[in-house]
Novice: 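Quick one: the structure is below, questions incoming.
A note on names: the letters A, B, ... follow the listed sequences, proteins ahead of strands, and every chain is numbered from 1.
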Amino acid sequence: MDPTYDPQKIEAKWQARWAEQKLFESEVDTTRQKYYVLEMLPYPSGDIHMGHVRNYTIGDALARYMWMKGCNVIHPIGWDAFGLPAENAAIKNQRHPSEFTFNHIDRMRGQLKRLGVSYDWRREVATCVPEYYRWNQWFFLRMLERGLAYRKKSRVNWCPSCETVLANEQVVNGCCWRHEETPVVERELEQWFWKITAYAERLLEDMKDLVRWPERVLSMQQNWIGKSVGAEIDFTVNGIGERLRIFTTRVDTIFGCTAIYLAPEHPLVQKLISFRPDPEKLRQEAAHVKASAVRARVDVNLEKQGVDTGFTARNPFNGENVPIWIANFVLMEYGTGAVMAVPAHDERDFDFSVKHGLPIRTVIVPRDGEVPQKLEAAYTESGANGRLVNSGPYDGLTPEQAIEKMTRDAEAKGFGRGTTQYRIKDWGISRQRYWGTPIPVIYCDSCGIVPVPDKDLPVILPPDVKLTGQGQSPLASVPEFVNTRCPNCNGRARRETDTMDTFVDSSWYFYRYTSPHIDTAPIDKEAVHYWFPVDQYIGGIEHAILHLIYMRFFTKVMQDIGLVDFSEPVARLFTQGMVIKDGAKMSKSKGNVVDPTVMFAKYGADTVRLYTLFAAPPARDFDWSDSGIEGAARFLMRSYRLVAKYAAQRASRGGGHASGSGSSKWELDQLSPEERRLIRKTHQTLRHVTEDLEGRWHFNTDVAMAMELANELGELEKAIDEGKVRPEILKNSLEYLVLVLSLFVPHIADELWEGLGHAEPTLRIPWPAYDPQYAAEDELEIPVQVNGKLRGKIRVAVSVSETEIRERAQAEEKVAQFISGRQVIKIILVPKKLVNIVVR
RNA sequence: GCCGAAGUGGCGGAAUUGGCAGACGCGCUACAUUCAGGGUGUAGUUCCCGUCAGGGAGUGGAGGUUCGAGUCCUCUCUUCGGCACCA
């Protein structure tokens with residue numbers, strides 16, 4: 001063992017040795033408990049960033065712990081390799097996207113290896129190769145077979161910067177998720193969709209199994225799916241006899257309906273205009289409302305505007321005729337695009353009615369209460385405590401009862417029905433870009449849409465394509481690709497030229513890791529059966545409703561086609577906080593980026609890893625501090641010197657290789673005070689770290705405990721040198737310190753471990769059990785309170801194996817000195833913590 | 001507006017079941033290391049009063065439960081995140 005601490009040298013040495021020993025490779029082994037540690041796969045952007053370092057360091061600590069616990073650990077990594085940045089770079093530099101992508105992968109692979117993460121590199125997957133994306137196409141065909149893929153012309157989100165369509169999930173605050181400054185515009189396009197809405201209920205329902213997922217993620221997904229239970233009611237448009245269907249969650253208030261509002265895009269609008277004697281005026285006004293609605297999508301607090309169509313609709317419940325308005329706040333995409341206005345019990349309807357002088361009728365009043373005098377307050381009284389009034393046969397019912405009865409009645413009479421609406425929309429997967437999976441579909445003039453047969457997969461992305469980024473599918477300009485034969489009739493046909501959303505790639509990559517090279521199916525069922533579910537998934541919160549909902553959807557489809565026999569792929573999810581600098585997200589434009597590779601060069605990878613774990617609990621955001629990392633570096637240097645010193649002494653005594661870690665037992669009363677102190681601290685550290693890794697995951701406190709143990713060793717240095725601590729006890733403590741460190745700083749730990757005389761790397765060493773006897777306090781200074789006031793302390797020598805009874809007796813003996821003759825009412829003794837004497 | 005998370009020293013944070021608030025680290029101060037700087041070591045470092053001894057206050061705010069509250073309950077303020085004219 002080298003007495004001088006040179007992290008670069010140590011890290012290179014151990015990385016080479018681990019690779020040579022194939023230390024992180026695992027295979028299916030049904031005799032052993034498996035454990036699947038998964039981190040979200042990176043996009044090969046060129047260089048890893050601190051978020052990656054944090055993500056993979058957390059995963060690595062867990063993976064190493066599980067290895068040492070004796071589990072058969074799978075810990076894979078891959079590349080989310082399709083996507084726009086490579087295509088854009090390719091356009092700019094007149095090169096091929098694959099060139100960028102593979103260069104970046106090579107570079108980032110090197111950086112990850114430099115970080116020393118325990119990956120099984122044989123399982124590496126890149127999503128941009130035909131061996132992978134052919135299975136995206138295969139899944140597409142299965143979706144098509146099951147009616148889950150369909151083509152539809154619709155208004156879609158278009159990002160002018162990406163020059164392509166975006167899914168709803170990829171629009172954030174009206175802007176593109178990649179271009180936060182670029183507002184999304186709407187375009188009418190023919191697109192492929194995947195019917196995720198068919199799984200909305202199951203996505204909600206199965207959340208009950210995700211007990212080890214963060215509440216936050218589940219609630220975000222729940223919001224996103226946006227289930228609301230209500231009813232559709234058919235009104236009739238007077239004069240033209242047309243049916244007008246509305247959706248409401250509050251059918252109980254329908255007797256308070258004083259108008260119908262249509263979304264500006266509602267198909268009935270054009271019809272009503274045409275029936276007007278003076279169509280032009282209404283047409284202009286309607287266009288005006290529509291324009292304001294478009295603005296309202298960007299600016300949410302825009303004023304409510306509307307126009308009366310002059311037509312009325314008949315309320316089937318009471319036969320009343322109410323005016324039909326066009327209103328800018330009604331969404332065509334939600335429900336039926338038409339709503340009933342109940343101004344007395346809905347704030348928006350109230351505002352609108354006041355503005356346009358529409359009547360307001362209260363139909364729900366508080367139980368035993370009076371009709372509210374102030375109309376503004378009325379809509380607050382529509383809750384569970386209310387009773388219906390002015391509602392004909394339904395008077396006196398609670399809203400809950402009324403909803404049920406009115407829905408039943410509407411169904412019986414045929415003018416309505418109970419329905420459920422979801423906010424989530426089908427997943428639009430078509431992208432008008434090149435660097436993605438070709439959609440395996442052929443258009444034939446005589447046969448229509450024809451799926452590419454399985455035997456013809458993969459549909460290879462043609463390498464020679466002129467990339468312009470001009471907003472149309474680049475594949476359309478490659479005749480050899482486009483022009484093909486119909487698999488049905490062998491007639492002339494054209495291929496689909498759009499590619500798939502890259503979120504398709506990441507929806508199932510973690511299955512592929514378990515059998516990355518199989519070429520007869522997307523996954524090997526046996527391997528998946530053994531390794532799944534993923535025991536621990538770790539990644540950023542930003543994917544809460546993108547990747548993490550698509551992935552769940554995909555698994556359910558896979559279950560339905562018999563590929564897997566479970567419905568949720570991830571048992572436990574951990575979302576780490578962001579790495580920020582000076583209170584802001586790191587970004588090139590802000591110039592506050594901390595480059596991990598620069599830090600590796602300056603401090604070594606272990607120091608960077610240690611600092612990212614130590615600075616904050618993993619779930620929280622952490623603000624990078626350049627001086628903070630110095631502390632981590634100092635600690636490692638100190639620990640290294642400490643162990644090196646005793647390793648050197650050992651070597652000079654001629655110690656050869658030792659076997660395993662010494663788990664010797666010592667009688668407590670035969671230990672010197674220094675030995676007791678050291679052993680206690682050692683086992684306390686072990687206890688803390690073990691319990692923390694079993695669930696709490698506050699790695700910052702684990703590192704702090706290791707620091708305390710090292711500090712304790714430092715403080716005892718003189719006593720140790722004087723021989724007050726037996727060498728075997730010292731060695732035992734040092735070994736446990738090193739094993740704890742091996743989770744966080746594996747290179748240095750292995751170097752130290754070797755220095756302590758062990759041949760095997762720490763990963764192969766069983767995680768040591770702490771001994772509760774040693775971990776317990778054995779001599780305590782207990783604060784004594786009288787009537788809750790701190791009055792002093794007593795020293796109580798508590799044998800660690802003793803019970804509370806003994807402690808109580810000792811405490812009571814000593815209590816007298818604190819009460820000076822007053823009557824004791826009770827003594828509250830918190831074991832090992834505190835004595836409180838309550839006196840009169 | 002709805003949902004979720006969080007408020008503790010100069011800073012990052014600790015206190016797992018209510019039991020010595022501020023572990024660990026950064027920063028700072030003093031001293032040592034026979035120049036400076038750096039490094040390293042030692043001591044100190046919540047605030048206020050006090051030379052010391054010691055005393056008082058203190059976990060966003062106001063109440064409450066309890067012998068005892070950062071932790072539990074009620075109300076409230078602030079910050080961050082998600083959803084949002086969703087009928």
Novice: Which nucleotide, in any strand shown, forms a Watson-Crick or G-U wobble pair with B/G19, with both distances under 3.5 Å?
Specialist: B/C67
Novice: For B/A62, give its Watson-Crick or G-U wobble partner with both distances under 3.5 Å, or none.
Specialist: B/U74
Novice: Respond yes when some side-chain nitrogen or oxygen of A/Arg250 is under 4.0 Å from OP1 or OP2 of B/C86, and no when none is.
Specialist: no
Novice: Syn or anti for B/G9, please, going by whether the chi angle lies within 90° of 0.
Specialist: syn
Novice: Using the C1' atom as the reference point in each nucleotide, state the distance between B/U76 and B/G25 in Å, no decimals.
Specialist: 35 Å
Novice: Across the strands shown, which category fits A/Arg638 at heavy-atom distances under 4.0 angstrom: base, sugar-phosphate, nothing?
Specialist: sugar-phosphate
Novice: Taking pairing as Watson-Crick or G-U wobble with both contacts under 3.5 Å, can you name the mate of B/C28, or confirm there isn't one?
Specialist: B/G44
Novice: Kindly say whether A/Trp224 contributes a backbone atom to a donor-acceptor pair with the side chain of A/Arg423 at under 3.5 angstrom?
Specialist: yes
Novice: Regarding A/Ile246, tell me which of base, sugar-phosphate or nothing describes its non-hydrogen contacts under 4.0 Å with the strands shown.
Specialist: nothing
Novice: Near RNA chain B, under 4.0 Å by heavy atom, which residues of residues 622-630 of chain A?
Specialist: A/Ser627
Novice: For atom C1', what is the distance between B/C20 and B/C67, given to the nearest Å?
Specialist: 16 Å
Novice: Which whole number of Å gives the distance between the P atom of B/G44 and that of B/C52?
Specialist: 15 Å
